[in-house]
2 protein chains.
Amino acid sequence: MADVILRSTNVEAGAHRADVPNFELIELLFFAYRDFVSEADEVLERFGFGRAHHRVLHFVSRNPDLKVAELLNILKITKQSLGRVLRELVDQGFIEASEGSSDRRQRLLRATPKGEELALELSIAQSRRIKRALEASGPGTHEAAAKFLAAMINPEDSGDVAKLVRSPSMTGRRR
Amino acid sequence: MADVILRSTNVEAGAHRADVPNFELIELLFFAYRDFVSEADEVLERFGFGRAHHRVLHFVSRNPDLKVAELLNILKITKQSLGRVLRELVDQGFIEASEGSSDRRQRLLRATPKGEELALELSIAQSRRIKRALEASGPGTHEAAAKFLAAMINPEDSGDVAKLVRSPSMTGRRR
DNA sequence: AGAATTACGTCAGCCATGTTGACATATTAT
DNA sequence: ATAATATGTCAACATGGCTGACGTAATTCT
């Protein structure tokens with residue numbers, strides 16, 4: 001399989017302690033995320049969906065009446081890219097859109113029961129992996145990991161994200 | 001502390017505690033990884049490279065004389081996908097290939113000095129974010145985060161990855 | 001009221017990067 | 001000698017990003 005060789009020297013003579021790259025976490029993030037996102041693939045395949053659909057469905061499901069602009073801000077993609085997958089999700093009855101109450105230009109997105117079901121199935125699959133990982137690590141790992149990951153997020157977004165992660169359907173506008 | 005409150009709706013009446021998805025970590029992983037990988041984009045753009053080039057260069061740089069098959073196993077992509085980006089990296093002098101000593105069919109990949117320089121620049125940029133995140137979190141976060149992420153990796157690969165990540169310059173052969 | 005801005009959608013095309021399948025070449029193993 | 005292996009390559013296709021341009025309805029500004 002992967003007979004892998006690693007080496008230690010990568011830091012030249014004058015390199016500062018602060019400049020020594022943390023290869024360990026760089027690589028662990030890569031491998032962990034690689035396997036984490038692939039977790040849902042089989043489920044998605046049953047519906048002819050890809051990872052883009054997963055992301056959209058997830059955040060819509062978690063934030064009922066999410067506005068399109070907010071979703072774009074979360075995903076950091078263009079409206080054209082979003083448009084394609086969102087249209088498929090709406091056409092196939094996983095997501096529905098309603099008119100904004102105060103502002104009728106807005107489309108408020110929410111998952112249908114069918115959409116909720118799929119979103120939940122996907123979340124449960126990914127959560128199984130997380131649960132296993134947390135159990136394999138020591139106590140307090142959950143808090144430490146959450147803190148670390150939250151601190152990895154761009155500070156401009158961390159406010160929104162904090163709100164988003166902890167209190168869904170709380171439409172926070174930014175700056 | 002990551003004061004996070006999971007939403008209680010979304011879990012039907014009969015749902016087991018074990019089936020309550022960990023939305024917090026699912027979303028933190030998404031946001032953290034999103035910003036983590038985007039970190040290197042500006043640097044890569046200077047060379048007309050994308051994230052695929054980054055991944056290839058990173059693992060080749062970290063594992064001199066890496067075999068093509070090993071690289072494919074790390075990245076979990078097809079040789080055709082690898083071929084394109086690898087060719088560009090070789091053509092432009094960031095990676096060079098030599099004949100395998102014991103098996104002359106193999107191509108042993110390693111970064112050139114130019115390649116090492118770029119790989120290091122990219123790693124340092126990503127490590128700055130990691131360093132900041134660790135400093136913002138409590139002591140012991142580093143170990144906890146590493147443990148958690150390692151445990152998130154598919155068990156079939158975790159052996160390889162463990163070798164890869166933590167024991168540089170160790171010509172480990174397995175299975 | 002009229003003009004400007006905003007929220008959203010859409011058409012068209014391009015690019016990066018993944019996929020499958022088939023086939024070629026050299027080298028090594030049986 | 002034959003088979004298996006390591007790698008490369010051609011061709012076609014899918015997914016999911018992107019930019020640019022333009023349209024429409026609704027809201028806001030003056």
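Below, read A as the first sequence line, B as the second, and so on, with proteins coming before strands; counting in each chain starts at 1. None of the values given here were measured: they were computed from a predicted structure.
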Donor-acceptor pair, S123(B) side chain versus L120(B) backbone, under 3.5 Å?
no
Round to the nearest Å and state the distance from Q106(B) atom CD to dT7(D) atom P.
6 Å
L82(B) CG - dA16(C) P separation (whole Å):
17 Å
Strictly below 4.0 Å: does R105(B) bring a side-chain N or O up to OP1 or OP2 of dA29(C)?
no
Report the nucleotide, chosen from dC10(D), dT17(C), dG13(C), that has the shortest atom-to-atom distance to any side-chain atom of Q80(B).
dC10(D)
Phosphate contact (dG18(C) OP1 or OP2) by R84(B) side-chain N/O below 4.0 Å:
no
Would you say R55(B) places a side-chain N or O within less than 4.0 Å of OP1 or OP2 belonging to dG18(C)?
yes
Between N154(B) and R129(A), do the side chains contain an N or O donor and an N or O acceptor separated by less than 3.5 Å?
yes
In whole angstroms, the gap separating P of dT17(C) from CZ of R34(A) amounts to 18 Å
From CG of D41(A) over to P of dG18(C), roughly how many Å is that when rounded to an integer?
14 Å
Nearest-angstrom distance from the residue atom CG of N73(B) to P of dA6(D):
12 Å
If you check every side-chain atom of T78(A), which of dT19(D), dT28(C), dA21(D) has the closest atom?
dT19(D)
Between dT17(C) atom C1' and R51(B) atom CZ, what is the distance in whole Å?
12 Å
Please confirm whether the shortest side-chain N or O distance from S81(B) to OP1 or OP2 of dT17(C) is below 4.0 Å.
no
Drop me the distance from K147(A)'s NZ to L28(B)'s CG, to the nearest 0.5 angstrom.
13.0 Å
Heavy-atom nearest nucleotide on DNA chain D for G100(A) versus F49(A): which residue maps closer to 5'?
F49(A)
Rounded distance (Å) that lies between atom P of dA16(C) and atom CG of L44(B)
13 Å
Under 3.5 Å, is there a donor-acceptor pair between the side chain of T112(A) and the main chain of G93(A)?
yes
Nearest-nucleotide check on DNA chain D, I77(A) vs S101(A); residue mapping nearer the 5' end is I77(A)
With a non-hydrogen cut-off below 4.0 angstrom, is G83(A) in contact with a base, only sugar-phosphate, or nothing?
nothing
Show, in sequence, the C-alpha distance, side-chain angles and deciding distance for R84(B) and E88(B), and conclude whether the salt bridge (charged side-chain N to carboxylate O under 4.0 Å, His left out) test is met.
CA-CA 7 Å; R84(B) 275 186 301 229; E88(B) 293 177 337; over 6 Å; no
With the side chain of R104(A) defined as its heavy atoms from C-beta on, choose the nearest nucleotide among dG16(D), dA26(D), dA22(C).
dA26(D)
OP1, OP2 of dA16(C) versus side-chain N and O of H53(B): anything below 4.0 Å?
no
Rounding to a whole Å, what distance do you find between L72(B):CG and dT17(C):C1'?
14 Å
